[in-house]
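Chain A is the first sequence line, chain B the second, and so forth, proteins listed ahead of strands; every chain is numbered from 1.
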Protein chains: 2
Amino acid sequence: MKIAIYQSEGKPKKIDDNLESLRRAAISAVEQGSRLLICPEMFLTGYNIGDAVFNLAEPLHGPVLQKAAAIARQTEIALLFGYPERNGADVYNSAILIDRKGEIRANYRKTHLYGSEEKRLFRPGDAFVVVELEGVNLGILICYDIEFPETVRALALAGAELIAVPTAIMEPYCLVARLVVPARAYENQIFTAYANRCGHEGDLTYCGLSCIVGPDGSDLVRCGTDAGLMVADIDRADITASREINHYLTDRRPELYKNPIMGRILGSDE
Amino acid sequence: MKIAIYQSEGKPKKIDDNLESLRRAAISAVEQGSRLLICPEMFLTGYNIGDAVFNLAEPLHGPVLQKAAAIARQTEIALLFGYPERNGADVYNSAILIDRKGEIRANYRKTHLYGSEEKRLFRPGDAFVVVELEGVNLGILICYDIEFPETVRALALAGAELIAVPTAIMEPYCLVARLVVPARAYENQIFTAYANRCGHEGDLTYCGLSCIVGPDGSDLVRCGTDAGLMVADIDRADITASREINHYLTDRRPELYKNPIMGRILGSDE
């Protein structure tokens, strides 16, 4: 399955402009044969918008997400993008997956909130999700989530073959895009797709460096710092080939990871 | 504390030659101010020696390790190196830590054996160790062990500040040295020191690329493919600085990592 990542600046608080940008990216992704378009964290509203998230947050079946579903249906491509989700009094930093028929297939709420500002604005999610899309098992994470090896491992053990990550990683954390995202793919022998913002937003400078990485840890595609759309093929044969060489998921020894022993350890012949 | 990594070829099955090489490396490391010298996996005997491990395996207090202890005592530097350990009928792929007084401070048995040959030759270890050396909390892993994020995480949560790794990583796995070892340092905000073999041994070509990596994921020192000794300073202030910016160890959500949910997940307002 071909998938696309859309590295983009977005327009803070301009939801209609961002929906139009989504529509154009979807058309371009389809033209390049993609079945899934992955966009950055908080794509609909902008990320660095402070208290505006409280006004702009959208319920799962609200009118803005219905417009996004119409784009998916009209352009015939699945869409994954970040948005602030309203649920009663709570707001989540969420990512929604809409299939090419316009059906909502998953809604993931960021489980690891980054820093004091996110913790002030959002309630954290409490569940991970793996969903089958066009024959590929897809896990969803958002930005900071992927920096914890536990998250990707949990999804890989649950069968995820592709981890799709709307993100908004900013300077000085560009090493996450260069180092951590490829390491997650390699150590779990899966694909990772990391769709970042670029440019500036308020006092933040985003890293760009969006990428799709294969199970051997090598970049299939890698953006620079400019906006753009890149496409790569997710081929399950690459996972199979990797897992014939290394056996990370089955060579684990979970019973040992709980209690490392401090201090002097000698052989049992002592 | 300054530490040294000794990237080396070694002489297969020539223990006396390898001890002499250890002595010379220890002298060089001390001259450069190091308090700890880290050598590769199976340093004493060679790694790719097949059934010869059964004859060359040494008990923990056997004569060869006493010679190594004498080197530590005479040159006044702590030594960590790999060797095949004999314990009754069992042979382990072990790493021994001897302090500068010649005292054995830790003996770690590789817990994740790589491939069918290691599994045929060795019994796996069943415990991790963190030991204080010259004021630094030191965790020990061997080669394949560090490729599992769970191992380093467990040691970091137990207080390890430096993960020292005798290794024998060979082509085509050089990405482990370039990508995985720095990622482990970054994601746990600790130091990693990875001392690899180089050159050829039988049908194996080792990657070299030994390194010491800081808590920000950047190389402090990095070898090429030639033999050599490199030194870097392990400064706890670098850990503190990293952990003031990011909070990986405390932002974890272990309760969520056990049961990712397959299939359709929608908001709770559904």
Side-chain angles (χ1 to χ4, degrees), chain A residues 59-61 85 87-88 92 94 104-109 111-112 114 124 126-132 139 144 147-151 153-155 157-160 175 179-180 182-183 186-187 216-218 246 248 251-254 256-270, chain B residues 59-61 85 87-88 92 94 104-109 111-112 114 124 126-132 139 144 147-151 153-155 157-160 175 179-180 182-183 186-187 216-218 246 248 251-254 256-270:
Chain A
L60 191 58
H61 292 276
E85 179 194 356
N87 185 44
Y92 296 90
S94 295
I104 296 174
R105 296 292 307 281
N107 184 60
Y108 170 71
R109 295 163 169 171
T111 51
H112 298 74
Y114 177 72
D126 284 320
F128 294 106
V129 56
V130 179
V131 64
E132 182 272 329
Y144 193 46
E147 298 170 39
F148 298 80
E150 294 92 341
T151 60
R153 185 67 108 204
L155 292 169
L157 288 172
L175 203 64
L179 182 72
V180 174
Y186 182 82
E187 72 202 18
D216 64 356
S218 65
N246 264 338
Y248 289 136
D251 278 348
R252 298 167 65 246
R253 300 190 64 196
L256 301 187
Y257 303 140
K258 282 156 200 162
N259 298 302
I261 300 161
M262 289 291 295
R264 183 184 175 101
I265 297 281
L266 299 180
S268 52
D269 58 347
E270 277 291 279
Chain B
L60 191 57
H61 292 277
E85 178 194 356
N87 185 45
Y92 296 90
S94 294
I104 296 173
R105 295 292 307 283
N107 185 59
Y108 170 71
R109 294 163 170 173
T111 51
H112 298 74
Y114 178 72
D126 284 320
F128 293 106
V129 56
V130 179
V131 63
E132 182 272 328
Y144 193 46
E147 298 170 39
F148 297 80
E150 293 91 341
T151 60
R153 185 65 108 205
L155 293 169
L157 288 172
L175 203 64
L179 181 72
V180 175
Y186 182 83
E187 71 202 18
D216 64 355
S218 65
N246 263 339
Y248 289 137
D251 278 348
R252 297 167 66 245
R253 301 191 63 196
L256 301 187
Y257 303 140
K258 283 156 196 163
N259 298 302
I261 301 160
M262 290 291 295
R264 182 184 176 99
I265 297 280
L266 298 182
S268 53
D269 57 350
E270 275 293 278

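In this view, Tyr186(B) and Tyr248(B) satisfy the ring-ring contact (aromatic ring centres under 6.0 Å, His included) rule, not counting sequence neighbours.
Only the side chain of Leu175(B) comes within less than 4.5 Å of a heavy atom of chain A; its backbone N, CA, C and O stay farther away. Both the backbone and the side chain of Asp126(B) come within contact range of chain A, each with at least one heavy atom under 4.5 Å from a heavy atom of that chain.
With no hydrogens or angles considered, a side-chain donor-acceptor pair links Asp251(A) and Tyr144(B) at under 3.5 Å.
The nearest pair of heavy atoms linking Phe148(B) to Arg252(A) is CE2-N, 3.7 Å. Smallest separation of non-hydrogen atoms from Glu187(A) and Glu147(B): CB-O, 4.1 Å.
Within the 4.5 Å cutoff, no side-chain heavy atoms of Glu150(B) are placed close to those of Pro149(A).
Phe128(A) CZ to Arg253(B) CZ: the interatomic distance, rounded to the nearest 0.5 Å, is 7.5 Å.
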